[in-house]
Structure formats: structure tokens, C-alpha cells
Amino acid sequence: MEFDFKNEFESMMKSNELDTVVVLGHINPDGDAAGSVMGIAHYIGVNYPEYQVFPYLADTIDKGPKLQVRQDKKFDPFEKPDLQGKRFATVICDTATLARLSGREFYEASVASIVIDHHASNEGYGDRNYTKVSEACAVNVFYSLNQDDLKKAAEAEEYPNAADYIYLGIVHDTNAFQRADESIMKAATKLLELGVDHRRIIQTRQIDTLEDLEKRADILKNAIRVLDGKVAYVCINKEEKVKKNISYEEIHPISSILRDCADIELGFTMYEEEPDRWRCSFRSDGKWLDVNELITPFGGGGHAGAAGLRKRTGDMEELRSQILERVKKLRAEKCFT
């Protein structure tokens, strides 16, 4: 075990004489953030009844994971805890930078913190940090937990329990195991042995209506191919966003859809969420191009195969041109070496 959560957590709570912990994830939480946060919250709740635990997730969570979280019988993570005047710790999952932390005020007010992440770009802002680059933060959560205590947590509660949530995180960030290796499959097998219902959790990915698909098809009509057809992108400005009523949740999957095409190596989207504020998503297989390396100079970050960028600019075309020039530069360097 590379990171012993049991030892680190108990040490943090006892040395600081704390009895309360808040579990946090990133803004606009996806399945991995939700699964990691809720998995740890349930694990602590069962194994440390002497402590109060409050998971918090922004209500902008992806709608698939939200289906599972809404069925939680123990926690309401969409309600901010009132901890005014109270000393507490924080456990933070799947969040590389403080700028992307949801509930940052809790982190800043906490006495001590543990960060578990899987992004290469993690800033190391916790008092105790565990960052191992992997396909899902939930994988790191699984391997850091005491397995006997995880079994206890899974057996003590009905769906959704700690094991269900960790499995949710793995399913979502590996694209239903399309990006799985041996260690991920071993973790999944052990979670299934704890009683996880694969079919039930996989349904949190199968949530599109016919109307959703029709709207997605309309967005994909705007896709533009460049760089010998290996790169494809969709750009939605504020006028088109309003005209077609396109939300970020609807544009979010497009970069992955483009990347998954057999003849596309890099897919990305540019979405004007506010006037002159662009939110961009980049997806590749991580080998043809490391998208974290691609966008780090622009202030973004993430993984080799999945990264994001928020940028204020009045000249989106210039930003896009700079990104594509960097794609060409990185590809030339990769081919040369």
C-alpha cells in the first residue's frame, strides 16, 4: 500500500483533536469526483462513528452520477454543512488545483487536510498529499483504504454504499473500463466481490434520451477537422449557445465523442460560458498527444488523455490558433524523437 489512509486519517484527527471532517471534490463534479467523495464519506461514516462526516458536492454534478447520489440514504451532499465556529479537517478528492475546488471555503477554514488525486498537475496543496497518476481517482481511493474496513462499510449499508461509490468513480473515469489496466480490473473484481451491482451502476452512464441524441447530433454538425484530419473540434460562442440553448452539460461529452472516432486522434471543444470566458475540454489517447502538456502553458491542466482549460479572452480565434500551433509543435517533437 503506497498510501495508508487509515493511518494518515487517524493521525490527522487525533493529533489535532478533531471530531469532524468535510469531504470535497472539484467543481462540476463528474462520476469520479462524486464516487471518490461519497465513497470516502461512507467509509469514514461506518468505521469512525465517533466522527461527524460531511460530504459536499456542487449541484452541477453530471446527471448520471446524480442518479446514484440522489438515492443516498445517509448523506445529502448538496447541502452545505454549517460549521461556523467549529474545528474540522478536510479530505479532498480528484482535484488538482485549488482553483477547481468546490467548497474551497471549507478547505481554507480547516485545521488539517488530506488530498487524494490522480492528476499529474496536482499542486500538492494538502497537509498530506497522495497523488498517483492513474485513470481514476477512485482507483487510488480503493487501494489506499484498509480492505477489511472497506468490506465492513460495504456490508453495513444498503445501496449506495462505499463500494458502490468507488465502483461508480472507476466506471466513469475509465469510460466503462475502456481505459483499464490490470490493477483497475483487480480493483473492480474485488468491489464486485463486496456486492457491487455492475448493471445498476453502469446504468448511470446510459441516461441519454432521444432528444439528447438529436441535440448532440446537431452540435456535431459544427465539428471542424484540421491538421490532416487528425484533430477535430467544436466551438460554441455565446450567440449560438443562446440561440440553440446549449448548456455546458451538453457540450461536455463532445470532445470524448470526437476522440473516440477511429480516424481522430485529438478532439476538443471551446464553449463560451460567459462573455469572453471560454471553457475548453481536450481528449486524446494520451500517446498521440499529451493534452495536459498541450494546455499547461495556457493555464489549464489534467491528464495525458483528458484535460481542461478556462480562459478569458476577447479573441477566441487567436487562442484556438495558438493551441493548434502548439499541437503541431508537440507532434513534430514527438515524431523527431
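Because only heavy atoms are used, hydrogens play no part in the values below, and waters and symmetry mates are left out as well, while side chains stay in. Keep in mind that what you see is a predicted model, and the values were worked out from it rather than measured. For reference, positions follow the sequence shown, starting with 1.
- For the residue pair His119 and Asn292, no side-chain donor N or O sits within less than 3.5 Å of a side-chain acceptor on the partner.
- Side-chain N/O atoms of Asp181 and Ser183 include a donor and acceptor closer than 3.5 Å.
- When atom types are taken as modelled, the side chain of Lys311 and the backbone of Phe298 share a donor-acceptor pair closer than 3.5 angstrom.
- By the rule that hydrophobic residues join a cluster once side-chain heavy atoms approach within less than 4.5 Å of another member, Ile254 and Ile207 end up as members of separate clusters.
- The aromatic ring centroids of Tyr271 and His252 lie 6.0 Å or more from each other.
- Residues Arg320 and Ile224 are not in side-chain contact: their nearest non-hydrogen atoms beyond the backbone lie 4.5 Å or more apart.
- Both the sub-6.0 Å distance and the 45° axial angle are not jointly satisfied by Lys186 relative to the ring of Phe142.
- Of all non-hydrogen atoms in Tyr125 and Thr95, the two that sit nearest each other are OH-O, 2.6 Å.
- Two different hydrophobic clusters hold Leu24 and Leu18 under the rule that ILVMFWY side chains link at heavy-atom gaps under 4.5 Å.
- Salt bridge status for Lys63 with Glu249: absent, with no side-chain N to carboxylate O gap under 4.0 Å.
- More than 12 heavy-atom neighbours from other residues, nucleotides or ligands sit within 6.0 angstrom of NZ on Lys6.
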Atom pairs and distances, donor-acceptor, side-chain atoms in residues 257-264, under 3.5 Å, two or more places apart:
residue : atom : partner : partner atom : Å
Arg259  : NH1  : Ser284  : O            : 3.0
Asp263  : OD2  : Arg225  : NH1          : 3.1
Asp263  : OD2  : Arg225  : NH2          : 3.4

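- With sequence neighbours excluded, the residues that form a side-chain contact (heavy atoms from CB on, under 4.5 Å) with Ile202 are Val171, Ala176, His198, Arg205, Gln206.
- Aromatic ring centres of Phe9 and Tyr48 lie closer together than 6.0 Å.
- Both Leu294 and Val226 are members of a single hydrophobic cluster when ILVMFWY side chains are connected at heavy-atom separations under 4.5 Å.
- Remark: side-chain polar atoms of Lys215 are paired, donor with acceptor, to backbone N or O of Asn245 under 3.5 angstrom.
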